[in-house]
Protein chains: 4
Amino acid sequence: MQFFSDNAAPVHPQVMQAIIDADAIDAPYDGDALSQRLDAAFSEVFETEVTAIWVATGTAANCLALAALCPPHKGVICHRLSHIEQDECGAPGFYTHGAKLMLVEGEGAKVAPNAVTDALAAIRDDVHQVQAAALSVTNGSEYGLTYSPEELAALGALCDERGLGFHCDGARFANAVASQNEKRGASPADLSWRAGVDALSFGCVKNGGMNAEALILFDRDLAKDTRYRLKRAGHLMSKGRYMAAQLLAMLEDDLWLANARAANAGAALIAQAAGKRLLYPVEANEVFLTLGPGEADALRAQGFDFYDWGVVTPEAGGQARFVTSWSQDAGAVQPLADAIAAL
Amino acid sequence: MQFFSDNAAPVHPQVMQAIIDADAIDAPYDGDALSQRLDAAFSEVFETEVTAIWVATGTAANCLALAALCPPHKGVICHRLSHIEQDECGAPGFYTHGAKLMLVEGEGAKVAPNAVTDALAAIRDDVHQVQAAALSVTNGSEYGLTYSPEELAALGALCDERGLGFHCDGARFANAVASQNEKRGASPADLSWRAGVDALSFGCVKNGGMNAEALILFDRDLAKDTRYRLKRAGHLMSKGRYMAAQLLAMLEDDLWLANARAANAGAALIAQAAGKRLLYPVEANEVFLTLGPGEADALRAQGFDFYDWGVVTPEAGGQARFVTSWSQDAGAVQPLADAIAAL
Amino acid sequence: MQFFSDNAAPVHPQVMQAIIDADAIDAPYDGDALSQRLDAAFSEVFETEVTAIWVATGTAANCLALAALCPPHKGVICHRLSHIEQDECGAPGFYTHGAKLMLVEGEGAKVAPNAVTDALAAIRDDVHQVQAAALSVTNGSEYGLTYSPEELAALGALCDERGLGFHCDGARFANAVASQNEKRGASPADLSWRAGVDALSFGCVKNGGMNAEALILFDRDLAKDTRYRLKRAGHLMSKGRYMAAQLLAMLEDDLWLANARAANAGAALIAQAAGKRLLYPVEANEVFLTLGPGEADALRAQGFDFYDWGVVTPEAGGQARFVTSWSQDAGAVQPLADAIAAL
Amino acid sequence: MQFFSDNAAPVHPQVMQAIIDADAIDAPYDGDALSQRLDAAFSEVFETEVTAIWVATGTAANCLALAALCPPHKGVICHRLSHIEQDECGAPGFYTHGAKLMLVEGEGAKVAPNAVTDALAAIRDDVHQVQAAALSVTNGSEYGLTYSPEELAALGALCDERGLGFHCDGARFANAVASQNEKRGASPADLSWRAGVDALSFGCVKNGGMNAEALILFDRDLAKDTRYRLKRAGHLMSKGRYMAAQLLAMLEDDLWLANARAANAGAALIAQAAGKRLLYPVEANEVFLTLGPGEADALRAQGFDFYDWGVVTPEAGGQARFVTSWSQDAGAVQPLADAIAAL
């Protein structure tokens with residue numbers, strides 16, 4: 001059983017069925033009835049009028065958002081470990097035409113308000129230095145931590161005060177919402193526009209989709225230019241109906257939340273088994289833990305695959321990442337939990 | 001029945017089945033077995049070693065090719081009516097970081113060697129003017145015409161002589177191959193690398209695919225940078241196996257050619273019915289014809305949908321484009337042919 | 001005596017003296033007293049509050065203006081023969097991050113309103129096509145013609161109506177103002193903001209400067225971002241006082257107009273001698289004329305240098321361009337006029 | 001007397017005279033005899049065949065070099081405090097079309113080989129991460145330290161081994177050469193191509209020039225594209241002769257070294273007076289020192305101007321930067337030295 005990425009999970013059957021059903025629709029690009037329903041469907045989820053645009057990858061969703069919020073000569077504050085900085089091969093630089101990512105630190109890959117104010121304070125207000133235009137955070141973070149509505153709102157208020165746009169990379173937004181909803185009753189709205197978020201990358205692929213993510217624009221003024229940028233980036237699919245179908249299937253009866261809850265539950269069970277091995281509390285569907293000498297090999301020998309987090313050697317062990325997906329709920333991951341407990 | 005775009009056609013059942021079957025594979029990005037088979041599969045089709053990269057749209061395939069062949073400070077010669085100039089919202093400018101499209105004219109949206117030499121002659125060889133780095137042609141052209149192997153080879157020889165890279169936009173390459181194969185026994189190799197083409201956008205979506213096109217690099221040195229550019233453009237799908245599956249299904253038993261032949265046959269039947277109304281000979285799956293006063297409405301009243309080519313009015317008529325797809329073979333389009341004949 | 005470019009003329013003595021005098025000032029970048037006086041000095045010339053920014057070349061002035069008026073995914077309408085299209089090596093593509101130049105035709109390299117409306121009419125209002133964001137014209141034009149206040153105002157009204165920014169490349173703005181002032185009493189204001197121009201490249205180098213042009217922003221909201229773009233393009237001189245000194249010397253006692261009048265007078269005398277040879281009426285400081293077989297060589301043998309306009313051969317003759325500068329007034333060019341008359 | 005920037009110094013009289021003399025030359029752009037002599041003149045200085053290109057600012061010189069060495073999808077390793085990262089408003093992102101600056105730390109703003117190898121080791125060799133293409137160092141560094149030939153050669157060897165281009169920002173290269181020549185007999189060649197440097201920004205403006213820097217390409221293959229990029233960036237001056245004149249005057253009888261030695265001597269005298277206040281050894285023309293409460297005000301009250309390095313308050317004091325220029329030799333700075341000694 002593999003735990004190295006939720007990208008490796010299959011497509012959820014209801015999503016696949018929606019794709020198959022989309023075959024009956026015959027309008028090109030995003031002129032089809034499904035694509036036209038996205039705004040309404042997501043507006044209902046978020047309890048406000050939003051513009052929702054399908055896009056094939058999280059990288060594209062993130063970078064279209066950054067391009068909407070930051071002109072080429074300015075910068076975006078983000079965590080040093082954020083996906084946009086670490087794992088997108090410079091896509092933000094491409095989409096924004098060279099804007100700068102301004103890196104801050106923070107426990108568990110989360111950004112705290114004082115990290116932002118410190119970063120801003122270090123920028124001289126003259127034309128020699130790149131000025132900040134936006135903040136981007138990831139919820140759940142690269143270490144699987146989640147922001148509470150209050151934490152996000154504090155950042156949102158700061159953005160508002162300092163004239164920064166606010167983007168949230170929600171590649172695992174579903175897992176974050178499921179987690180914060182269970183803990184604090186937080187809604188999708190609480191974790192986005194009510195906290196001041198202007199643009200959200202709403203992940204679906206890791207959560208049971210095939211190749212459709214949603215870019216949610218709460219600041220709807222950003223929509224018009226973004227549609228042109230989408231086309232200009234080669235991301236306007238000629239058969240968009242198969243994209244929209246996936247997203248609508250995800251929203252239907254809150255499948256997205258059910259899938260995320262299942263994944264979170266799987267991660268929670270692994271976390272329980274991992275105990276003191278944990279590097280971070282497990283709040284969503286990622287588990288980071290310490291493995292002693294030989295333990296990585298021992299787990300792999302039992303058929304469990306996962307991601308070495310940095311250097312892992314048979315002699316010294318190291319750190320590892322386990323990610324669960326919609327099909328790996330508590331029942332499904334029991335064998336891994338047992339194997340970790342038995343190490 | 002609709003004829004306004006081959007993008008409106010459904011996914012071919014064999015392609016859909018391949019997508020469903022890909023669910024069993026669990027490797028992310030392009031690390032899966034299907035993606036890894038693409039080079040071999042396309043190398044067989046083209047009778048030479050190629051690098052084949054899946055990409056979600058023809059615009060992305062075209063523009064990744066242009067970026068590989070043209071640095072930011074140079075230009076690409078192409079037809080004034082080409083898709084890259086007319087219909088991609090400036091995507092070439094985005095991907096190439098501002099390189100210039102250098103427009104030439106030519107009957108039926110085809111480029112002739114003398115148009116290229118004239119364009120080159122008009123460029124002063126100094127730093128004040130943008131120098132040409134590549135040529136891009138479309139086969140089948142925007143008016144549904146096809147290049148013969150000889151025509152392409154003449155352009156390829158010219159590119160070779162003048163140090164230009166050579167790109168072919170093959171959004172409807174299958175239809176062009178089917179057409180030229182029938183007429184002249186031309187092979188995919190004859191219509192690409194044997195004629196000097198360095199990079200080919202190999203269309204699948206219009207020909208029965210869902211959202212996977214192939215970028216074929218005959219100059220394999222272009223591959224490494226292109227893979228980075230692909231990721232940087234947000235086009236590295238996290239579940240690439242569903243992309244590769246489509247392409248492999250297309251190649252299986254030459255489904256791509258069978259589909260193209262069916263579409264071409266449909267177009268041929270419409271052409272026969274259109275007679276003197278034709279603006280151009282019909283060589284692939286597009287039919288351009290003249291409609292008299294009231295005729296557009298008359299056809300639409302019978303349930304046929306199509307694309308007004310420029311301004312069409314009930315009083316004066318105008319020009320119209322009909323495109324057939326894999327599911328619209330000669331049998332399927334008979335009603336339209338009859339309706340046109342009866343006008 | 002050379003007439004091939006006004007770039008070949010020496011620096012006017014008053015400008016050179018101002019440069020020498022600037023040595024006494026010790027503030028870096030544009031913090032010096034001279035740079036700080038530019039807004040006021042140009043505001044007086046233009047009879048309205050403007051932002052004036054020194055910049056080293058006309059290409060930089062033009063392209064900073066275009067970048068201010070056109071986002072990367074849109075386009076700028078301009079004449080096919082305009083300097084930004086023909087002679088800047090793709091600088092507009094660089095500065096605008098890939099925006100498109102949308103070419104129109106027009107007699108004498110001038111743009112007429114109907115050429116603009118035709119260009120706009122040809123753009124489909126969908127995301128597949130690049131939309132226009134601005135218009136750029138050149139006054140005096142590439143053929144030495146000038147726009148009257150009324151002609152410019154008609155374009156400005158159209159821009160206003162259609163939501164286009166309006167840029168004027170005034171590499172030879174001084175010559176245009178001198179000409180239109182003489183003919184119609186037109187003022188700098190009449191030929192800029194009163195006609196709706198948002199940004200003007202105000203040329204000085206060709207008119208007796210060394211290496212300082214002025215970018216005049218009538219829409220002062222464009223200034224802030226432009227200052228960052230200027231720095232980002234490596235155009236913020238570290239000793240800006242030597243730039244500002246040139247511009248202020250030019251404005252002092254209207255030296256810029258005196259210089260332009262001298263150059264225009266020289267061109268007028270050549271035009272008179274050229275008679276029927278003229279390709280265009282001579283309205284500023286450029287003379288385009290037809291030379292018969294052997295005549296180009298005959299003139300060069302007498303020590304006159306000029307620019308072959310296209311192909312000129314001893315057998316067939318051809319067309320030639322003569323440009324006068326501030327030091328080539330009517331008296332100075334008499335020998336050339338005599339030589340042309342004697343051909 | 002001001003010490004806040006060497007940009008505030010006047011133009012050296014010999015440079016000014018050369019500018020005045022250039023008035024006699026009448027060829028536009030870089031077609032003049034002076035511009036044509038640059039390659040030879042700099043080749044002599046560097047004891048090897050180089051291409052030398054005038055450019056108006058150090059930012060442009062640096063960024064043209066980076067663009068020549070790094071494609072848009074890769075990155076440049078540099079110090080966190082380097083000018084390209086801190087003080088160019090994102091110009092590297094503009095010129096390279098979004099390439100990434102990869103920051104390393106190092107004492108006194110110098111880069112050591114192990115900082116580079118550590119940075120490289122942290123980059124996964126896959127398409128998700130930006131790969132390094134070049135290294136850029138500054139000699140003299142942002143803290144006025146210089147690299148010895150051996151230190152540079154160690155970096156050059158590493159670049160060679162790892163396939164990195166090697167750029168040196170030499171805004172104060174003259175001061176570095178003067179310093180290393182005095183200490184170790186190092187030549188310009190030793191501090192550039194012999195150590196593996198491919199491209200050098202050779203500063204003149206801070207050293208007595210007006211607005212001409214030189215970009216020296218030891219890898220002459222970089223020259224052709226760079227000339228186009230120069231024009232495309234709006235940096236091809238239309239009267240280049242006034243640029244070339246400055247550079248040639250600087251090289252004449254090694255004026256550039258004489259000027260740098262004078263400035264270095266001035267800094268050395270200040271350093272001597274500063275004693276334990278020094279933050280770094282003074283190797284070139286910059287002095288960084290600690291000021292106690294009230295001392296900054298005390299110095300300014302005596303007419304000395306300088307740059308607060310970070311926050312300086314009357315109560316707590318802070319750090320300050322003093323920069324000397326060609327006109328501030330040991331004799332000239334004696335009053336400042338005395339004032340510092342007397343604090």
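Because only heavy atoms are used, hydrogens play no part in the values below, and waters and symmetry mates are left out as well, while side chains stay in. Here the structure is a predicted model, which means the values were calculated and not measured. Order of the sequence lines sets the chain letters (A, B, ...), proteins ahead of strands, with each chain counted from 1.
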Undergrad: Measure from the side-chain N and O atoms of Lys239(D) to the backbone N and O of Gly209(C), and report whether any donor-acceptor pair falls under 3.5 Å.
TA: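 Confirmed, Lys239(D) side chain pairs with Gly209(C) backbone.
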Undergrad: Do you know which two heavy atoms are closest between Lys231(C) and Asp87(D), and how far apart they sit?
TA: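 The pair with the smallest heavy-atom distance is CE-O, 3.2 Å.
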Undergrad: Does any heavy atom of chain D fall under 4.5 Å from the side chain of Ile19(C), the backbone, both, or neither of them?
TA: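 Both the backbone and the side chain of Ile19(C) come within 4.5 Å of chain D.
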Undergrad: Evaluate Ile20(D) against Ile20(C) for side chain to side chain contact (heavy atoms under 4.5 Å, CB included), listing each step before the verdict.
TA: CA-CA 9 Å; Ile20(D) 294 168; Ile20(C) 294 168; 3.6 Å; yes
Undergrad: Can you tell me which of Gly93(C), Cys89(C), Ala24(C) forms the most heavy-atom pairs within a distance under 4.5 Å of chain D?
TA: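 Looking at each of Gly93(C), Cys89(C), Ala24(C) in turn, Cys89(C) comes out on top.
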Undergrad: When only pairs under 4.5 Å are counted, which of Val205(D), Asn62(D), Val11(D) shares the most heavy-atom pairs with chain C?
TA: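 Heavy-atom pairs under 4.5 Å are most numerous for Val11(D).
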Undergrad: Is Met16(C) in contact with chain D via its backbone, its side chain, both, or neither, using a 4.5 Å heavy-atom distance?
TA: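 Answer is side chain: those atoms of Met16(C) sit under 4.5 Å from chain D.
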Undergrad: Would you mind telling me which of Ser5(D), Ala9(D), Ala61(D), Ala22(D) has the largest number of heavy-atom pairs within less than 4.5 Å of chain C?
TA: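 Sorted descending by pairs with chain C, the first entry is Ala9(D).
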Undergrad: For Asp6(C), is it the side chain, the backbone, both, or neither that has a heavy atom closer than 4.5 Å to a heavy atom of chain D?
TA: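 Contact with chain D: backbone only.
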Undergrad: Specify the closest pair of heavy atoms between Tyr95(C) and Ala233(D), including all atoms of both residues, with the distance to one decimal.
TA: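 Closest approach of Tyr95(C) to Ala233(D), heavy atoms only: OH-O, 2.7 Å.
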Undergrad: Assign the ring pair His235(D) / His235(C) to parallel, tilted or perpendicular, where the plane angle (0 to 90°) is split at 30° and 60°.
TA: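 If you compare the ring of His235(D) with that of His235(C), the planes turn out parallel.
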Undergrad: Tell me if a side-chain donor or acceptor on Tyr242(D) pairs with a main-chain N or O of Asn211(C) at a distance below 3.5 Å.
TA: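 Not at all, since once roles are kept as given, no pair shorter than 3.5 Å links the two residues.
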Undergrad: Shorter than 4.5 Å, heavy atoms on both sides: which option in Cys63(D), Ala91(D), Ala60(D) has the most such pairs with chain C?
TA: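 Between Cys63(D), Ala91(D), Ala60(D), the count favours Ala91(D).
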Undergrad: Check for a donor-acceptor pair, side chain of Glu88(D) on one end and backbone N or O of Arg232(C) on the other, with a separation under 3.5 Å.
TA: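 No; zero donor-acceptor contacts below 3.5 Å.
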Undergrad: Do you know which of Leu64(D), Thr59(D), Val55(D), Asp23(D) has the most heavy-atom pairs under 4.5 Å to chain C?
TA: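 So the answer, after comparing Leu64(D), Thr59(D), Val55(D), Asp23(D), is Asp23(D).
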Undergrad: Pick from Met237(C), Lys206(C), Arg241(C), Met243(C): which one has the most heavy-atom pairs with chain D under 4.5 Å?
TA: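 Between Met237(C), Lys206(C), Arg241(C), Met243(C), the count favours Arg241(C).
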Undergrad: Evaluate the ring-ring contact (aromatic ring centres under 6.0 Å, His included) criterion for residues His97(D) and His97(C): first the C-alpha distance (whole Å), next the side-chain angles of each, then the deciding distance (0.1 Å), finally the verdict.
TA: CA-CA 9 Å; His97(D) 302 290; His97(C) 303 289; 7.8 Å; no
Undergrad: What distance separates Thr57(C) OG1 from Leu236(D) CG, expressed to the nearest 0.5 Å?
TA: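 Rounded to the nearest 0.5 Å, the OG1-CG separation comes to 8.0 Å.
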Undergrad: Do you know the tightest heavy-atom contact between Asn7(C) and Pro28(D)?
TA: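 Answer, listing the atom of Asn7(C) first, then Pro28(D): CB-CB, 3.7 Å.
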Undergrad: Over all heavy atoms of both residues, which pair between Asp26(D) and Ala8(C) is shortest? Give the atoms and the distance, please.
TA: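 In terms of heavy atoms, the two residues are closest at O-CB, 2.7 Å.
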